[in-house]
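Each residue takes its place number in the sequence, starting with 1.
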Amino acid sequence: MNTHIERYYIALVEWTNADYEIWRLVIYVLIFLLMYQAFWLAKRSDYYTLLWFSVLMLPEAMNAIRTTLAFWAFMVGLLYLNGGGKKAIISVIYFWIAVEAHKSIAPLLLLLPLSFVKLNRGTMYFLCLLVPIFSFLLEGTILSFLDSHDLVEKEGVSRYSTYNRGMLTSIGSTIEFFLYRIPYIWLCLVLVLRLMKYSNAIKSGGFISLNNFARAFILFLLAALFLFGYNNPMYYRYETFIWYFFLMFAPYLYPDQYYLRKKKYWFLPCYLLFVQVYRLSLMGYYESFKY
C-alpha cells in the first residue's frame, strides 16, 4: 500500500478489520495512557492539568491523533531524559515510539543534545534575533541540502513549501481567527517570554534539561515560522507542542492563574471552553456537507 501513513497504523487497520471507529478508539487509548504517564512523571495528578488540557488542546488532539500520539510519546521521553541516570536510557524507547508514530518528530531528535546546554536569557534574545535573519538567507540552501542528501522527499518539500491552510476564507473561519487564533498567538508569546525570563522557577521543580530543550525548541519553531510561514504545516504542526510545555511549566510560571486561586482567573478557561465549542460546531457544520 502506497501511503504516507506510518506502517503501524496500517497494521492497526488490518487488526481492527478496517473499522474506523475502533481504529481511532485504540489510538485514543494509547494517547491517554501516554498522557497519564507524562502527568505521573511530572507530578501533575490534579484536575487543573486536565482542565487546561481540555480547553487548550483537546479538540486539536482528537483531530490530529497521529501527531498527538507522537508528541505525548516524545514528552514522556523528555521527562525520562530529564530524570537522568537509568531513566535517560528508558527515554530512547519513547523517542523511537514518537518517531514511529509520526515522521515529523524526527527533526526534534536533533535538538536533544541541547537539553544539556544552558542558554541564558541574553543568549536566547540574541539567537531569537539571529534565527530569522539566517532563515531568510539560508532558506533555499537548507531545502536543497535536505533534498540532495535524501533526508526528505523532493515532492514532499515542494508540496509542503507551497501548502497553505485555509484561513479567512469564510465567515465562520474569519470569526474563528479572531476568537481563537489571535488569543492563541498572544498566549504563545506570553508563555515564551515568561519561559525565558523565569527559568529559575522551572528549575526549582527539577525540570532542568526539559527547560533547556524548551528553549531550543523555541528557536526551532522560530526558524520554521520564517522558513515556511504561519499557515504552513511545517510550522503549525510543531506550534501545538508549545502547550505540552505549558502543562509542564505553568504551575511554576503562573501558579495563581494555573490553580485558579482567584475568581477572575476563571475567565480564561471559560473563554477558551466557549471558543473550543465554537470550533467543534464549525467543524461539524462543514463536515456535514461531505455526506
Side-chain angles (χ1 to χ4, degrees), residues 28 31-32 35-36 38-39 42-64 67-68 71-72 75 121 128 165 167-202 204-205 207 210-211 214-215 217-218 221-222 225 230-231 235-286:
Y28 287 152
I31 287 171
F32 283 101
M35 268 181 57
Y36 174 79
F39 293 158
K43 298 179 174 61
R44 293 285 177 277
S45 55
D46 55 68
Y47 77 87
Y48 295 102
T49 303
L50 291 177
L51 171 66
W52 288 111
F53 168 76
S54 300
V55 298
L56 282 170
M57 303 163 58
L58 185 58
E60 200 78 31
M62 296 299 95
N63 184 39
T67 308
T68 303
F71 277 152
W72 277 117
M75 178 54 73
R121 193 192 314 173
C128 284
R165 60 178 167 182
M167 298 182 71
L168 306 178
T169 54
S170 65
I171 295 175
S173 63
T174 301
I175 294 173
E176 181 192 18
F177 178 79
F178 287 102
L179 282 180
Y180 176 71
R181 286 293 162 191
I182 291 180
Y184 184 95
I185 295 169
W186 177 79
L187 285 172
C188 279
L189 289 173
V190 169
L191 176 63
V192 167
L193 291 173
R194 191 88 172 185
L195 180 64
M196 291 196 293
K197 189 175 181 180
Y198 295 101
S199 61
N200 287 334
I202 298 172
S204 68
F207 297 111
L210 188 61
N211 176 51
R215 291 181 170 223
F217 176 76
I218 290 170
L221 195 62
L222 196 60
L225 174 62
Y230 179 76
N231 289 329
Y235 165 75
Y236 69 72
R237 180 174 285 159
Y238 297 103
E239 179 193 51
T240 57
F241 199 42
I242 283 285
W243 299 115
Y244 293 76
F245 292 110
F246 172 85
L247 293 178
M248 299 299 117
F249 297 152
Y252 305 99
L253 298 175
Y254 301 98
D256 292 338
Q257 292 88 337
Y258 185 83
Y259 291 112
L260 305 171
R261 289 171 180 164
K262 294 182 180 180
K263 290 182 179 179
K264 65 180 181 180
Y265 295 143
W266 278 94
F267 170 78
L268 182 58
C270 289
Y271 173 78
L272 291 172
L273 178 61
F274 162 75
V275 172
Q276 296 290 22
V277 170
Y278 171 79
R279 294 182 69 220
L280 289 172
S281 302
L282 193 65
M283 290 178 196
Y285 174 74
Y286 287 121

Do [X] and [Y] have side chains that get closer than 4.5 Å, going by heavy atoms?
| X | Y | value |
| --- | --- | --- |
| Thr240 | Tyr236 | no |
| Gln276 | Leu58 | no |
| Leu268 | Trp52 | yes |
| Leu179 | Phe274 | yes |
| Leu51 | Leu260 | yes |
| Asn211 | Tyr252 | no |
| Leu247 | Met75 | no |

side-chain hydrogen bond (donor to acceptor under 3.5 Å, both in side chains) involving Gln257 - partner list, sequence neighbours excluded: none
According to side-chain hydrogen bond (donor to acceptor under 3.5 Å, both in side chains), who are the partners of Tyr184, at least two apart in sequence or on a separate chain? Trp243
Shortest non-hydrogen contact between [X] and [Y], atoms and distance:
| X | Y | answer |
| --- | --- | --- |
| Pro251 | Pro255 | O-CB, 3.3 Å |
| Phe178 | Pro183 | O-CD, 3.4 Å |
| Cys128 | Leu222 | O-CD2, 3.3 Å |

As a quick check of understanding, evaluate side chain to side chain contact (heavy atoms under 4.5 Å, CB included) for Tyr254 and Val190, giving each step before the final call. CA-CA 11 Å; Tyr254 301 98; Val190 169; 2.9 Å; yes
Nearest 0.5 Å, please: how far is [atom2] in [Y] from [atom1] in [X]?
| X | Y | atom1 | atom2 | value |
| --- | --- | --- | --- | --- |
| Phe249 | Phe207 | CZ | CZ | 7.0 Å |
| Leu210 | Phe217 | CG | CZ | 11.5 Å |
| Tyr259 | Thr49 | OH | OG1 | 6.5 Å |
| Ser54 | Leu272 | OG | CG | 11.0 Å |

Is the centre of the Tyr238 ring less than 6.0 Å from the centre of the Phe241 ring? no
If you take the centroid of each ring, where Trp contributes its six-membered ring, are Tyr244 and Trp72 closer together than 6.0 Å? yes
Does anything in residues 263-273 form a side-chain hydrogen bond (donor to acceptor under 3.5 Å, both in side chains)? List the pairs, not counting sequence neighbours. none
Would you please name every residue forming a ring pair (Phe, Tyr, Trp, His ring centres under 6.0 Å) with Phe53, sequence neighbours left out? none
Please list, chain by chain and in numerical order, all residues satisfying ring pair (Phe, Tyr, Trp, His ring centres under 6.0 Å) with Tyr36, sequence neighbours excluded. none
I would like to know whether Phe246 and Leu253 meet side chain to side chain contact (heavy atoms under 4.5 Å, CB included); could you show each step before the answer? CA-CA 9 Å; Phe246 172 85; Leu253 298 175; over 6 Å; no
Could you go through the side chain to side chain contact (heavy atoms under 4.5 Å, CB included) check for Met35 and Leu50 one step at a time? CA-CA 10 Å; Met35 268 181 57; Leu50 291 177; 4.3 Å; yes
Can you pull the salt bridge (charged side-chain N to carboxylate O under 4.0 Å, His left out) pairs that have at least one residue in residues 240-259, sequence neighbours excluded? Asp256-Arg261
